[in-house]
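Please read the structure below before turning to the comments.
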Amino acid sequence: MPEDLPTAAASTTATATTTAATTTPGTTRHPAPAGTPSTPAGTPSAPAGTPSAPTAASGVGAAAAGPVVGFDLDMTLIDSRPGIGAVYAALAAETGVDIDVELVTSRLGPPLEQELANWFPAGQVAGMSERYRALYPSYAITGSLSMPGAREAMDAVRAAGGRVLVVTAKYEPSAALHLKHLGIEPDLLIGGLWAEAKGEALREHGASVYVGDHTGDVRGARTAGALSVAVATGPCDPAELGAAGADVVLRDLTEFPGWLARHVAAGSAAV
């Protein structure tokens, strides 16, 4: 699923070198406190691999009493298909390229550049990526919705004494705009990471569970040594997610609080 995705950025301690995990220069990771204005489109971010300073309000840097759970964004926490489709339609109108918007939005997940390479010559992909991201705030934010159970899933993690990370392949400023618009407030947002590169960040921040809708998310969880909890709300069906190595496959996030309660209880009983 090409989220509005940039290529994957480096973690603060290491740069993934797999072919699936490329990097977006300038991608930063930062806490997302309530009410903090999002980075304007086009505003340069800190150099790749430079974390923003943690804040006491965000809880970043403090040990969690419960599980640290990471969530993917597109088609896991939010349904961004209408917004992403609108951006591609605008890009097609500007360039005269016949982009099959329905096909694009049926396979969201991998980095933006991978999807654009299906429609533009290699030499134009970088420029089209920049133009796509410039169009994104105007076309994609208000049309995208939260997925059923998204807020309740995050609430369940916090009720268990845990922390919530959002680790996404999406360009981080765009991801921050979505979260602010929908009132979804993770303890930490990390953008620009795909597949195995997600695993580097999850491991760095102590995540024991990663929730996503794509086989690339399963790969990220496996790289981190975290439980892979897959939700069948994106382009990958339950059989495909299971075959990729997901430890748990849920219909959608409405089933997550019940699963988490059982998971936490089982862990407590084992102590």
Side-chain angles (χ1 to χ4, degrees), residues 8-14 16 27-34 49 51-73 76-78 147 149-170 172 175-176 179 184-214 216-231 245-248 250 253 255-271:
S11 74
T12 58
T13 57
T27 301
T28 61
R29 54 198 63 181
H30 56 75
S52 299
T55 64
S58 71
V60 175
V68 178
V69 178
F71 291 87
D72 176 47
L73 185 63
T76 298
L77 288 173
I78 69 171
M147 296 293 281
R151 291 178 180 82
E152 292 82 357
M154 297 174 80
D155 288 346
V157 175
R158 292 186 171 120
R163 289 200 303 126
V164 175
L165 316 179
V166 171
V167 183
T168 175
K170 188 178 290 296
E172 190 170 297
L179 293 171
I184 297 174
E185 300 175 0
D187 297 297
L188 184 68
L189 166 63
I190 305 172
L193 299 179
W194 165 241
E196 287 81 2
K198 289 185 174 186
E200 300 291 336
L202 291 165
R203 183 166 52 225
E204 179 181 341
H205 292 282
S208 59
V209 176
Y210 185 57
V211 186
D213 63 280
H214 198 282
D217 299 323
V218 177
R219 286 156 51 198
R222 308 298 285 185
T223 298
L227 278 173
S228 172
V229 177
V231 286
D247 297 293
V248 178
L250 305 177
L253 285 178
E255 297 182 348
F256 180 79
W259 173 83
L260 182 65
R262 294 188 297 273
H263 172 66
V264 170
S268 298
V271 174

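Owing to the predicted nature of the structure, the values given are computational and were not obtained by experimental measurement. Along the sequence shown, residues are numbered consecutively beginning with 1. The figures that follow rest on heavy atoms only: side chains count, while hydrogens, waters and symmetry mates do not.
Counting only heavy atoms from C-beta outward, the side chains of Asp247 and Arg222 approach each other to under 4.5 Å. Within the 4.5 Å cutoff, no side-chain heavy atoms of Thr76 are placed close to those of Met147.
In this structure, Tyr210 contributes its side chain and Ala224 its backbone to no donor-acceptor pair below 3.5 Å. A donor-acceptor pair under 3.5 Å links the side-chain atoms of His214 to the main chain of Gly216, judged by distance alone.
Between Leu165 and Ala207, the shortest heavy-atom contact is CD1-CB, 4.2 Å. The two residues Ala201 and Ile190 make their nearest non-hydrogen contact at CB-CD1, 4.0 Å. Of all heavy-atom pairs between Leu202 and Gly220, the closest is CD1-O, 4.1 Å. In plain terms, the two heavy atoms of Val68 and Gly206 that are nearest each other are CB-O, 3.5 Å. Taking all atoms of both residues into account, the shortest heavy-atom contact from Met154 to Leu77 is SD-CD2, 4.3 Å. The two atoms that bring Leu227 and Ala221 nearest to each other are O-CB, 4.1 Å, heavy atoms only.
Distance check, rounded to the nearest 0.5 Å: CG of Asp213 to CG of Leu73 gives 10.0 Å. The CD1 atom of Ile78 sits 8.0 Å away from atom OG1 of Thr168, with the distance rounded to the nearest 0.5 Å. Taking CG from Leu188 and CZ from Arg163, the interatomic distance works out to 6.5 Å, rounded to the nearest 0.5 Å.
With sequence neighbours excluded, the residues forming a salt bridge (Lys or Arg N to Asp or Glu O under 4.0 Å) with Arg158 are Asp187, listed by chain and number. Partners of Glu152 under the salt bridge (Lys or Arg N to Asp or Glu O under 4.0 Å) rule, at least two apart in sequence or in another chain, do not exist in this structure. For the side-chain hydrogen bond (donor to acceptor under 3.5 Å, both in side chains) test, no residue two or more places apart in sequence or in another chain qualifies with Asp155. Checked against side-chain contact (heavy atoms from CB on, under 4.5 Å), Val264 has the following partners two or more places apart in sequence or in another chain: Pro67, Ala160, Leu260, Ser268. Residues satisfying the ring-ring contact (aromatic ring centres under 6.0 Å, His included) criterion with Phe256, sequence neighbours excluded, are Phe71, Trp259.
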side-chain contact (heavy atoms from CB on, under 4.5 Å) between Thr223 and Glu200, worked out: CA-CA 7 Å; Thr223 298; Glu200 300 291 336; 4.2 Å; yes

Residues Val209, His263; criterion side-chain contact (heavy atoms from CB on, under 4.5 Å); working and verdict: CA-CA 10 Å; Val209 176; His263 172 66; 4.2 Å; yes

